[in-house]
Amino acid sequence: MNLIDATFARLKEQDGTALIPFLTIGDPDYATSVRIIRKLEEAGADMIELGVPYSDPLADGPVIQRASERALSGGQVTIEGVLNVAEEARKAGVKLPFILFTYFNPVLQLGFERFFELCMDKGISGLIIPDLPLEEDGDLREMAEEANIHLIPLVAPTSKERVARIAARARGFVYCVSSLGVTGVRADFHAGIDEFLSDVRAAAEVPIAVGFGISSREQVERFSKQSDGVIVGSAIVRKIEEVLPKLRSEAEQEAALDEIGQFVANLKIR
C-alpha cells in the first residue's frame, strides 16, 4: 500500500486530520532541510510536501518565491538534489510520506523514466505538478501508477464543471485550492469555499485536503471539519525565513529548529 493511503487510513480510524506542511527544499541548504523535515515529523506532521525550487513558479506567492530564490542563489539546488534530501531524511529515520511538489519543466528535462526511477529509489509517495493540466497528464499518470506514486491533482473553486472529472481520476488525495490566485497567508478565503469542498467531497473517492493560505491553528481547525487533510505552506516557509540567521549559525541552529517545530506543533489538531 502507498504510504499516503496508509496514513489517511490510520487517521480515519483515529478520527484525525492530516497536517501536511510544505517546505522549499534547499532553503537555506540541503543539510538543514533534512533537519527541518525531522523536526516537522517530531512536531506531528503526517506528510510533507517537498518543494522543488523553480525560477518561474506560477502558483507560488511571494514568500515561497523568496525561498526559491534563496535556494537557487547558490546554483546547486536541482530536482535530483531535492530527491537526495528525501533519501537522507529516510536514512535519518523519517517515516512519514513524502510528496514531491514540482513544476513540469524540471521533470521533462530529467526525462520521465529517470525521474520515476529516482522517485521510487528515494521514497517518494506522491507527486504534485501544478502546471500540468488533466488533459495533458496521460503519459506521466500512467508511469506514476506503474511506480505506485500518486499523481495528486489540484482543483480550484473556478474548476466548476471540471471538478468531477478531476476528482474521479485523483490518486492519494484531491488538493483543494481554498483561494484564487497564488499561495500565501490569508485572512479570508473564497466566498463559496464550503459549497466547493462539498462538491469535491461528493465527486472524489479518495480523501480531500485543503491548501493555499492556511496559516493559523484556527484556520486548520476550520478546514479539518470539512476535509481529511490541511496543507500549510507559506506560513511555515515564512517562519523559516524569520529564523534564517539562527539556522545559519551552528550555535543557534537547534534553537531555530525548535522554533519551527513549535510553530508546526501548534497547528496540529490531535
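- Residues F116 and L118 fall within the same hydrophobic cluster, defined by Ile, Leu, Val, Met, Phe, Trp and Tyr side chains chained together at heavy-atom separations under 4.5 Å.
- Nearest approach of V63 to S234, heavy atoms of both residues: CG1-O, 3.5 Å.
- Q253 pairs in a side-chain contact (heavy atoms from CB on, under 4.5 Å) with only one of the listed residues (T32, D258, V243), which is T32.
- Open room surrounds CD on E113; 12 or fewer heavy atoms of other groups in view lie less than 6.0 Å from it.
- With a 4.5 Å cut-off on side-chain heavy atoms, L96 and M47 do not count as touching.
- A donor-acceptor contact shorter than 3.5 Å is absent between the side chain of R171 and the backbone of I152.
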Practice prompt. Would you please test L257 and L247 for side chain to side chain contact (heavy atoms under 4.5 Å, CB included) and show each step?
Written response: CA-CA 7 Å; L257 290 167; L247 283 175; 4.0 Å; yes
Item to complete: Begin with the C-alpha distance, continue with both residues' side-chain angles, and end with the deciding distance and a verdict on side chain to side chain contact (heavy atoms under 4.5 Å, CB included) for V94 and L40.
Response: CA-CA 10 Å; V94 175; L40 297 194; over 6 Å; no
Worksheet entry | Stepwise salt bridge (Lys or Arg N to Asp or Glu O under 4.0 Å) test for E42 and K39 | CA-CA 5 Å; E42 292 172 9; K39 185 62 67 172; 3.6 Å; yes
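- Two residues are said to be in side-chain contact when any heavy atoms from C-beta on lie closer than 4.5 Å; F101 and I231 fail this criterion.
- What you find for P153 and F173 is that their closest heavy atoms are CD-O, 3.5 Å.
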Discussion item. Determine whether L23 and I240 satisfy the following criterion, side chain to side chain contact (heavy atoms under 4.5 Å, CB included), listing intermediate values before the conclusion.
Written reply: CA-CA 9 Å; L23 295 177; I240 292 169; 3.6 Å; yes
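- More than 12 heavy-atom neighbours from other residues, nucleotides or ligands sit within 6.0 angstrom of CZ on R141.
- With respect to the salt-bridge test (charged N to carboxylate O, under 4.0 angstrom), the residues R217 and E221 qualify.
- For the pair R238 and F263, the NZ or CZ position fails the cation-pi test of under 6.0 Å to the six-membered ring centre and within 45 degrees of the ring normal.
- Note: C119 SG to L110 CG = 8.5 Å, rounded to the nearest 0.5 Å.
- The number of heavy-atom neighbours closer than 6.0 Å to CD of E195, taken from other residues, nucleotides and ligands shown, is 12 or below.
- Residues L3 and V206 fall into different hydrophobic clusters, defined by Ile, Leu, Val, Met, Phe, Trp and Tyr side chains chained together at heavy-atom separations under 4.5 Å.
- Cluster annotation: V230 and L11 are assigned to distinct hydrophobic clusters (Ile/Leu/Val/Met/Phe/Trp/Tyr, side-chain heavy-atom contacts under 4.5 Å, transitive).
- The closest donor-acceptor contact from the side chain of D228 to the backbone of A209 lies at 3.5 Å or more, if one exists at all.
- Scanning both residues, M120 and A147, for their nearest heavy atoms gives SD-CB, 3.5 Å.
- Around CD of E205, the count of heavy atoms belonging to other residues, nucleotides or ligands within 6.0 Å does not exceed 12.
- At a threshold of 4.5 Å between non-hydrogen side-chain atoms, the residues E259 and Q262 do not count as touching.
- By the 4.5 Å heavy-atom criterion applied to side chains, V85 and I37 are counted as neighbours.
- Under the 3.5 Å distance criterion, the side-chain polar atoms of E41 are matched with a main-chain donor or acceptor of K95.
- The two residues F223 and L197 come nearest to each other via the heavy atoms CD2-CD1, 3.9 Å.
- When all heavy atoms of F98 and G123 are compared, the pair lying nearest together is CD1-O, 3.8 Å.
- Ionic pairing of K122 and E87 is present here: one or more N-O contacts between side-chain nitrogen and carboxylate oxygen are shorter than 4.0 angstrom.
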Worksheet item: Should Q226 and V210 be marked as a side chain to side chain contact (heavy atoms under 4.5 Å, CB included) after you check the CA-CA gap, both sets of side-chain angles, and the distance that decides it?
Response: CA-CA 9 Å; Q226 301 169 280; V210 186; over 6 Å; no
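- Salt-bridge check for D27 with R66: failed, with every basic side-chain N at 4.0 Å or more from each acidic carboxylate O.
- The closest side-chain heavy-atom distance from L132 to V107 is not below 4.5 Å.
- Residues P53 and T24 approach most closely at CG-CG2, 4.0 Å, considering heavy atoms.
- Residues V232 and L19 are in side-chain contact: their nearest non-hydrogen atoms beyond the backbone lie under 4.5 Å apart.
- F22 and L154 fall within a single hydrophobic cluster, where Ile, Leu, Val, Met, Phe, Trp and Tyr are joined by side-chain heavy atoms under 4.5 Å apart, directly or via other members.
- Transitive grouping of hydrophobic side chains (ILVMFWY, heavy atoms separated by less than 4.5 Å) brings L151 and I48 into a common cluster.
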Practice prompt. Run the numbers on D46 and K268 for salt bridge (Lys or Arg N to Asp or Glu O under 4.0 Å), then give the verdict.
Written response: CA-CA 9 Å; D46 297 291; K268 176 65 178 176; 2.4 Å; yes
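- Residues R222 and D194 are paired through a salt bridge, judged by an N-O separation under 4.0 Å between the basic side chain and the carboxylate.
- No side-chain N or O of N84 forms a donor-acceptor pair with one of E88 less than 3.5 Å apart.
- One N or O on the side chain of S178 and one on the backbone of G211 form a donor-acceptor pair closer than 3.5 Å.
- The aromatic rings of Y103 and Y54 sit parallel, their planes meeting at an angle under 30°, below the 60° perpendicular limit.
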